[in-house]
Amino acid sequence: MTQHPAHLASAPLLSWPSLPWRLSVSGCSLSLMATVSLMPMGASATINGPTANAKTPHNRVLAQAANTQPLNPRIKVGINQRFGRQSTDKLTIQALPGDQLTLQFTTGKELQTLTTDKVEFAIAPTPLQKPRWQERVVLSVHRSFETAETKANELKALGIPVEIAQPQQWQVWAKRDQYPTSADRIRLIDTLKQQGYKNVFLHRRQLNQKPQLSFVTKGYRYQRNIVSITSQKQQFQVGDELHSGSLRFQPNTYGTYTLVNNVPTETYLRGVVPYEIGFNAPTTAIEAQTIIARTYALRNLRRFKIDGYELCADTQCQVYKGIAKTDPVVDRAIKATTGQVLTHNNELVDALYSSTTGGVTAAFQEVWEGTPRPYLTAKVDALPQGVWDLSTRSLADESNLKAFINLKQGFNEASWRTFRWQTETPIAKLNTFLRQFLRQSKHPLANFKTIQKLEVMERSHGGRVQKLQVTTDLGRLVLAKDDILRGFEAPNSLLFYVEPRYQTVQPAPPAASAPSSAVVSAQAQPAASVQSSSTSVAPAQPQKVLKGYAFIGGGFGHGVGLSQTGSYHLSKQGWSATQILNFYYPGTQVQTLKDSIVFWRQPTLPAIPSQIIPNELKPNVQPQSDRSNRLLSHKIPFLKSFQWVFDWLPFL
């Protein structure tokens, strides 16, 4: 099913005429008419005149303006994702001079409203009446959302209900309300392990207290789980950052709280683009970054569905720091590209980008598991492209890769220090990194003592390491693609090769035997033995010992899609934003955002005959009345129990 932003049906202040949502289900499309709140650029929130009759000339003009202005959907961004992880967490939110904050929350079942110029949030740890165990089945752990989502789809195809979470690393969980008891969860784990899923595990921890959100305003302290914050100017000082739109504190899946900023897309970009591309980038590079940042945001609104918001504010999504340090050059680029997105077959592209490719872009499937994207392919990042011909000298060949890495000139990124790099890491550090990675996923080799060998087993056509074999004292394991960067901190990208580093160790001289012992020993030996013992012992030879590995490579980041440093060079060569985007995303089109564009299409899951799906993998579905009683002590109590509140609070 095609996903469109859920908030379009519920944003505050202004309800525009019904617009069609186009959904795609298994290749078929249908239209649904829904009242959506789409804030066209420059539209007024009020309609003047004696009536709101659409037949009047005045309202016909407004309707035409609404149809011609680019859409500007609101986005829910988690700007403080784990408030309450530390009991000392505090945050002050202030209104701008001449403005007031409006706080809304519930007391009992009554909606309460307060106005103030400042509110201070903190955490009040609340002891539980009795300890409670929290359990969840972790099906897989990943460095990126992209691979987590692919794994989730694989498990869905087996008939296992799943959800994607990010407690720290990205994880795929068995859907908690479908496996509500410990017996259900253990049976699922046992069955999956029998099916070959060896890294599935039960996360279990005892809770003795829970963080409770509290806030102080005008001398009174309140304790609430959900607090909505608005203001007339729609701007707020949040700690050191200035944010626009509206705010809400809400519980998340991990027992803490998230501060969510509900912000129009075009305003959101003012807090993203300067921090992603840099304030001093050439104009068309900024414009290209703006178009793909807009595209990326609107395509990825599903990332934090489990927590009730859409995007984060760090590099797991896009860096977003509010509007305190906006730049006139960046603002002009945003205005010049208002509403423009990058599409392929009328669907938003997977607008991935990174700092530096290392001279060759990576195909999507070279970095993550998942369906290849036809516009995300391996190509040499150079002008002219004669510096290297991938069609005749594939970088899957190790010798070709080393020769490519040794090239330092002729590429779009050649002047940047991240273009080529070499990192030497002692074996002790490599051991530490790998051990941490293996323990996160409960790997059977997690307690190894030392790494004995690293060896690249497979490369992609674009040179990215696909499989890295690690030999330890307990056995071998193979890390694939993005997991290599989870297992080792040293490489800046997957475009690298390894060289062992050795040190020569002089063995300790053999200890001299005591004379008395020698005499006794000699008396007990045959004559031949006595004669041989009197001969001199040859000195031990120096030993070569592995002390670490050098990682030698290029690029910084995943290398898929646009190179930010490469776009600098192309812009300085006089390329337009559209030309830059066509270079890095061949076969795509720049369009103005409209309701007919598909935001994201749910991948088609392979059909698996029901008879080959073990019954143990299927959720234990019971009659609703019995099942509800079983779930009471296991559900996270926040979002479900406060659902009725959401209908009142203006944030939605």
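Here the structure is a predicted model, which means the values were calculated and not measured.
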Going by side chain to side chain contact (heavy atoms under 4.5 Å, CB included), V141 matches just one of Q168, K151, Q169. Which one?
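The option that passes is Q169.
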Any salt bridge between [X] and [Y], counting N to O under 4.0 Å?
X: E310; Y: K305; result: no
X: R294; Y: E266; result: yes
X: K335; Y: E287; result: no

Could you tell me if [Y] and [X] have a donor-acceptor pair between their side chains, going purely by distance under 3.5 Å?
X: R486; Y: Q440; result: yes
X: W600; Y: Q602; result: no
X: Q289; Y: S567; result: no
X: N199; Y: S441; result: no
X: T361; Y: D381; result: no
X: S563; Y: E413; result: yes
X: Q318; Y: Y268; result: yes
X: N261; Y: Y320; result: yes
X: E369; Y: T147; result: no
X: T256; Y: R82; result: no

Applying side chain to side chain contact (heavy atoms under 4.5 Å, CB included) to L247 and V260, what does each step give before you reach the verdict?
CA-CA 6 Å; L247 302 170; V260 180; over 6 Å; no
Taking the side chain as every heavy atom from C-beta outward, state whether [X] and [Y] have any pair of such atoms under 4.5 Å apart.
X: Q591; Y: S596; answer: no
X: N412; Y: T357; answer: no
X: V77; Y: Y309; answer: no
X: P282; Y: Y568; answer: yes
X: T258; Y: F249; answer: no
X: T588; Y: N582; answer: yes
X: F411; Y: H569; answer: no
X: I580; Y: Y585; answer: no

Could you tell me the separation between the [atom1] atom of [X] and the [atom2] atom of [Y], rounded to the nearest 0.5 Å?
X: Q340; Y: L593; atom1: CD; atom2: CG; result: 11.0 Å
X: I160; Y: K175; atom1: CD1; atom2: NZ; result: 14.0 Å
X: N252; Y: Y257; atom1: CG; atom2: OH; result: 9.0 Å
X: W368; Y: R143; atom1: CH2; atom2: CZ; result: 9.0 Å
X: S576; Y: L570; atom1: OG; atom2: CG; result: 10.5 Å
X: I291; Y: I334; atom1: CD1; atom2: CD1; result: 11.5 Å

Before you tell me yes or no, could you show the steps for V200 and V138 under side chain to side chain contact (heavy atoms under 4.5 Å, CB included), namely the whole-Å CA-CA distance, both residues' side-chain angles and the distance that decides it to 0.1 Å?
CA-CA 6 Å; V200 176; V138 181; over 6 Å; no
Quiz item: cation-pi between K379 and F583, 6.0 Å / 45°
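Here K379 passes the 6.0 Å and 45° test against F583.
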Short side-chain to backbone donor-acceptor contact, [X] and [Y], under 3.5 Å:
X: N262; Y: S246; value: no
X: T253; Y: I306; value: yes
X: D483; Y: L479; value: no
X: T267; Y: V263; value: no
X: E347; Y: R601; value: yes
X: R299; Y: L348; value: yes
X: H142; Y: S144; value: no
X: Q250; Y: D307; value: yes
X: E276; Y: V319; value: yes
X: T356; Y: G555; value: no

Over 60° means perpendicular and under 30° means parallel, so classify the ring planes of H344 and Y375, tilted if in between.
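Tilted, since the angle between the ring planes falls between 30° and 60°.
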For the residue pair F145 and W170, categorise the inter-ring angle as parallel (less than 30°), tilted (30 to 60°) or perpendicular (more than 60°).
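The arrangement is perpendicular - the two ring planes meet at more than 60°.
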Distance-minimising heavy-atom pair for [X] and [Y]:
X: P251; Y: I226; value: CD-CG1, 3.8 Å
X: I189; Y: F201; value: CD1-C, 3.9 Å
X: E366; Y: L494; value: O-CD1, 4.0 Å
X: P73; Y: L298; value: CG-CD2, 3.8 Å
X: A174; Y: L188; value: CB-CD2, 3.5 Å
X: G308; Y: K76; value: O-CD, 4.3 Å

For R185 and E135: C-alpha separation, side-chain torsions, deciding distance, then whether salt bridge (charged side-chain N to carboxylate O under 4.0 Å, His left out) applies.
CA-CA 9 Å; R185 294 186 279 268; E135 290 185 351; 2.9 Å; yes
Kindly determine whether E149 and K156 satisfy salt bridge (charged side-chain N to carboxylate O under 4.0 Å, His left out), including the steps that lead there.
CA-CA 10 Å; E149 186 174 52; K156 284 180 187 176; over 6 Å; no
Going by side-chain contact (heavy atoms from CB on, under 4.5 Å), name the residues that satisfy it together with S355, two or more places apart in sequence or in a different chain.
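Counting only residues at least two positions away or on another chain, S355 forms a side-chain contact (heavy atoms from CB on, under 4.5 Å) with T418, F556, Q564, T565.
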Test log, rule side chain to side chain contact (heavy atoms under 4.5 Å, CB included), inputs R464 and V360
CA-CA 10 Å; R464 260 67 186 182; V360 58; 3.4 Å; yes
Apply side chain to side chain contact (heavy atoms under 4.5 Å, CB included) to residues D482 and L485 and explain how you reach the verdict.
CA-CA 6 Å; D482 205 34; L485 302 181; 4.1 Å; yes
